[in-house]
J.: 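Have a look at this one before I ask anything.
Counting starts at 1 for both ligands and their atoms, following the listed order.
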Amino acid sequence: MIYNTKLLLCLMVFGLMISACNRPTDISEQNVSRVIQTLSADHMKGRHALKPEIHLSADFISNEFREIGLSTLSGLPDYKQNFTIYSAKPIETSVHINGQKLDSKYYFGLAMTPNLKWNTEDANIKNISSEDNYREKFRALTDDQESSVVLVSREHSKLFHRYRSYFVRSNRSLELNKTPHDVFILTDQSVRSFNIDLEYDITDHELSNIAGMIEGNKKDEIVLFSAHYDHIGVISPVDEDSVANGANDNASGVAGIIELARYFKSLAPPNRTIYFVAFTAEEIGGYGSTYFSDQIDPENIVALMNLEMIGKPAIEGPNTAWVTGFEYSSLGNILKESAADIDFEFYPDPYPNQNLFLRSDNAPFARLGIPAHSISTTPIDIDQDYHKVSDEFNTIHIPHTTNTIKAVANASKMIISGEKTPTRIDIEEIN
Ligand SMILES: [Zn+2]
């Protein structure tokens, strides 16, 4: 007969400290507070994904995972899942229309290649006309699988310049030399000929998601808890403070996944496998979650719960949290029903117009059909600290945050045990 050492030890000290045996670790205010305070400290410099200080947070989270005793994901030597993103800055550019050189403020390119040459013969010409909805047409043209030269009506000057100033600074991608690419030109001229010559300075940035797991009896049925750990970095100063600390956005969510990991690790091995993932680069375009979603088999992910800003009580009250895209799978309802007896309510996202369901790190997974939703508590419409230097540790309601993490732990138990399985998202419905 083989004895379980832990059980044996428990029996040996029976009577003295039996109550400590097999008792799950509490999700404690002390730990929640410590994690948020550390990640939002000024020396973290606002955790901008492309700045060197991001590694301080990455190392801190890795260390927590190590101390908790999480396993690494298969194929990874440690908790860091490294990948590269590329940014392209225009250096030498020239665009001629009907033989005339255009001022550079009337065009911009979206290309991830050192050099892009185009002339009339090999281009596919499209339009954003004065009647078109600029945003919708822009999105459709950049999402289609064709490279095009897009002539934009001067009626859209204002939006064109806004988009141009954004993309000239931050044209980024997970892939280099990828096609299609598009060039946008603001003109009302009828175009008989053109010549486009754009040269880009390409920089690569090494980024890391931080991921750990508890392997379950069912290895390939995975419940994933995630939260982004990056923030927006250093911004224009207010009263000499220029660090956007990101305590609520999203050190609070990271504290959530770390404490969920600590809690579930203290229980008996789960039936389903549990992943804990801190995504990078959410704030600059969701690159961490997009990369991670490319590495997994979507069929293996049973549910994804993404914690996003859980540091302040929701408008509906302190014991509530909202779930984005509630109606697209049964995950929200499972959480709601499971939390009924713990006096906590999960309810649908009260800000559907903000389209948070497709704006957060759950989105690339939802687009694969995974029941992937974000859970938040912040009254985002009236929050004074959102993306400001004032998103500091002292604005966080620690008991509320701790309580929310406990509710997520309790409400997700039936999914982890395999008793409940949320329905998949219908991709047609969300796109
Ligand atoms: Zn966020």
Side-chain angles (χ1 to χ4, degrees), residues 32 35-36 38-41 44-51 53-54 57-58 60-61 85 170 172 207-210 224-235 243-260 276-293 304-314 321-325 349-366 372-393 395-397 400-401 404-405 408:
V32 170
V35 171
I36 299 176
T38 306
L39 289 173
S40 63
M44 293 282 181
K45 292 272 191 282
R47 308 186 305 277
H48 193 290
L50 303 181
K51 294 285 184 312
E53 290 84 2
I54 190 74
S57 337
F60 170 76
I61 300 163
I85 65 166
S170 36
R172 304 191 185 102
L207 303 181
S208 315
N209 290 323
I210 315 300
L224 200 159
F225 293 105
S226 66
H228 75 89
Y229 73 96
D230 69 304
H231 190 57
I232 58 171
V234 172
I235 59 176
V243 176
N245 304 73
N248 189 26
D249 185 9
N250 189 27
S252 67
V254 177
I257 60 164
I258 291 174
E259 295 321 308
L260 287 168
F276 304 90
V277 188
F279 294 126
T280 191
E282 190 267 355
E283 301 285 3
I284 59 168
Y287 295 104
S289 53
T290 302
Y291 180 80
F292 195 95
S293 73
L304 181 145
M305 285 160 270
N306 181 55
L307 306 183
E308 177 73 51
M309 298 195 273
I310 54 169
K312 293 175 181 177
W322 39 272
V323 179
T324 63
D349 173 7
Y351 314 103
N353 292 341
Q354 300 223 20
N355 199 21
L356 298 167
F357 177 58
L358 292 178
R359 265 175 59 198
S360 304
D361 276 332
N362 62 290
F365 299 89
H373 302 260
S374 289
I375 297 171
S376 179
T377 65
T378 293
I380 195 159
D381 54 339
I382 52 162
D383 182 41
Q384 297 298 312
D385 307 312
Y386 178 68
H387 283 198
K388 302 254 172 70
V389 295
S390 59
D391 182 2
E392 305 221 37
F393 176 68
T395 68
I396 301 299
H397 194 312
H400 157 78
T401 311
T404 304
I405 300 165
V408 172

J.: Does Tyr229 have any ring pair (Phe, Tyr, Trp, His ring centres under 6.0 Å) partners at least two apart in sequence or in another chain, and if so, which?
T.: none

J.: Quick one: which of Thr377, Thr395, Thr378, Asp391 gives a side-chain hydrogen bond (donor to acceptor under 3.5 Å, both in side chains) with Asn248?
T.: Thr378

J.: How would you list, by chain and number, every residue that makes a ring pair (Phe, Tyr, Trp, His ring centres under 6.0 Å) with His231, sequence neighbours excluded?
T.: His387

J.: Does Phe292 reach the side chain of Asp361, with side-chain heavy atoms less than 4.5 Å apart?
T.: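 Phe292 vs Asp361: side chains apart.
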
J.: With the side chain counted from C-beta on, respond yes when Asp249 and Tyr386 share a heavy-atom pair under 4.5 Å apart, and no when they do not.
T.: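 They are in side-chain contact.
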
J.: Output, by chain and residue number, all protein N/O/S atoms separated from the Zn ion (ligand 1) by less than 2.8 Å.
T.: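 Checking every protein N, O and S atom gives His228 NE2, Asp249 OD1, Glu308 OE2.
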
J.: Holding to ring pair (Phe, Tyr, Trp, His ring centres under 6.0 Å), I want the full list of residues that pass it with Phe357, two or more places apart in sequence or in another chain.
T.: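 With sequence neighbours excluded, Phe357 shows a ring pair (Phe, Tyr, Trp, His ring centres under 6.0 Å) to Tyr328, His373, given in chain and number order.
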
